[in-house]
Amino acid sequence: MTTFETPKTPREFVKTMLRSAIEADRLADENINDHCIREAHIHAAVNGLVAAMAMEMLSRFATTSAESSANQLDQILTAGDLAGPLYRMAQNLDFDPNQWIADFNERAARRGAKPEAGRRAAHIALTTLADRWEQMAGPAPDPSEGLFVDEVTPAESARVERANTYRTAASDLRDVLRTGRIPHPLMTDAELEQHGTPEEAAS
């Protein structure tokens, strides 16, 4: 439901169901790249629409039954127990809620395994990327030796600068993988206030 106050009348239930369905539909769009979450919101939107249509038809053609249903729903929601009535109704209609729960638990287990596998894959990919940047940069120059004997050409200067950029990017990426934080030289002022300056971190 979209409010802490439970509906009391068939009309209020129709309004709440429709509003919840619209919000669920928007959440489905918001999570379009997450299949499991998107599917759950789509189901919620469809269920809300069906429930609103059923309650509206009931209130038009069986007013007493609609009011009785609204009263029962209000009691269920006020008690905060949806699982019990849902389970019992499924059984009374000769469905197998235990199988549904088992199916859900199996999907939940698969969802729980994906993030860790995804993190490992991302770590491997980023480490490989850092390795390739270092390969592209080539060996770092020896400070004891002069970089150039002759006058530096613009092309040679650009090559050295590009190699240094590759090495710095690879080092920054390895720092992110090691610490889980943006390297200090790339932090904003707000992030430096939160994590401290390089001097503070070293002390």
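Residues F61 make up the rest of the hydrophobic cluster containing M57, defined by ILVMFWY side-chain heavy atoms closer than 4.5 Å, directly or through other members. Residue V176 is found outside any hydrophobic cluster, as its side-chain heavy atoms come under 4.5 Å of no other Ile, Leu, Val, Met, Phe, Trp or Tyr. Y166 belongs to a hydrophobic cluster whose remaining members, ordered by chain and number, are L126, L129, W133, M136, L173, L177; membership requires side-chain heavy atoms of ILVMFWY residues under 4.5 Å apart, directly or through intermediates. Here I22 sits alone; no ILVMFWY side chain lies under 4.5 Å from its own, so it joins no hydrophobic cluster.
Going from atom CG of L58 over to atom CZ of F13 covers 12.5 Å, rounded to the nearest 0.5 Å. One finds the CD atom of E30 at 13.0 Å from the CZ atom of R38 (value rounded to the nearest 0.5 Å). Summarising the geometry, atom CD belonging to Q91 is positioned 8.5 Å from atom CG belonging to D96; distances are rounded to the nearest 0.5 Å. Rounded to the nearest 0.5 Å, atoms CD (Q72) and CG (L77) are 12.0 Å apart. Once rounded to the nearest 0.5 Å, the distance linking CD1 of I42 with CG of L27 reads 11.5 Å. Between N71 atom CG and I76 atom CD1 the span is 10.0 Å, to the nearest 0.5 Å.
A donor-acceptor contact shorter than 3.5 Å is absent between the side chain of S157 and the backbone of T153. Put simply, the side chain of S171 never gets that close to the backbone of R167: no donor and acceptor are under 3.5 Å apart. A donor-acceptor pair under 3.5 Å is absent between the side-chain atoms of S20 and the main chain of M17, judged by distance alone.
In plain terms, the two heavy atoms of M55 and A66 that are nearest each other are SD-O, 4.2 Å. A45 and A24 make their closest contact through N-CB, 3.7 Å (heavy atoms, listed as atom of the first residue, atom of the second, distance).
For D81, there are no salt bridge (charged side-chain N to carboxylate O under 4.0 Å, His left out) partners, not counting sequence neighbours. Residues that satisfy the salt bridge (charged side-chain N to carboxylate O under 4.0 Å, His left out) test with E161, not counting sequence neighbours, are absent from this structure. In this structure D172 satisfies the salt bridge (charged side-chain N to carboxylate O under 4.0 Å, His left out) test with no other residue, sequence neighbours excluded. Under the rule for a salt bridge (charged side-chain N to carboxylate O under 4.0 Å, His left out), the partners of D74 that lie at least two apart in sequence or sit in another chain are K8. Remark: F95 engages W100 in a ring-ring contact (aromatic ring centres under 6.0 Å, His included) (not counting sequence neighbours). Applying the side-chain hydrogen bond (donor to acceptor under 3.5 Å, both in side chains) test to N47 and every residue at least two apart in sequence or in another chain returns nothing. Annotation: side-chain hydrogen bond (donor to acceptor under 3.5 Å, both in side chains) contacts of N31 (sequence neighbours excluded): none.
Note on E23 versus R26: no salt bridge recorded, every NZ/NE/NH1/NH2 to OD/OE distance being 4.0 Å or above. Contact check on D175 versus R178 returns a salt bridge, with a Lys/Arg side-chain nitrogen under 4.0 Å from an Asp/Glu carboxylate oxygen.
Residue pairs meeting the ring-ring contact (aromatic ring centres under 6.0 Å, His included) criterion with at least one member in residues 23-55: none, sequence neighbours excluded.
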(request) Assess whether salt bridge (Lys or Arg N to Asp or Glu O under 4.0 Å) is satisfied between R174 and E134, documenting all intermediate values. (result) CA-CA 11 Å; R174 293 189 189 284; E134 288 176 340; 3.2 Å; yes
(request) Take Q99 and D103 through the side chain to side chain donor-acceptor pair (under 3.5 Å) test and state the conclusion after the steps. (result) CA-CA 6 Å; Q99 183 59 52; D103 292 343; 2.8 Å; yes
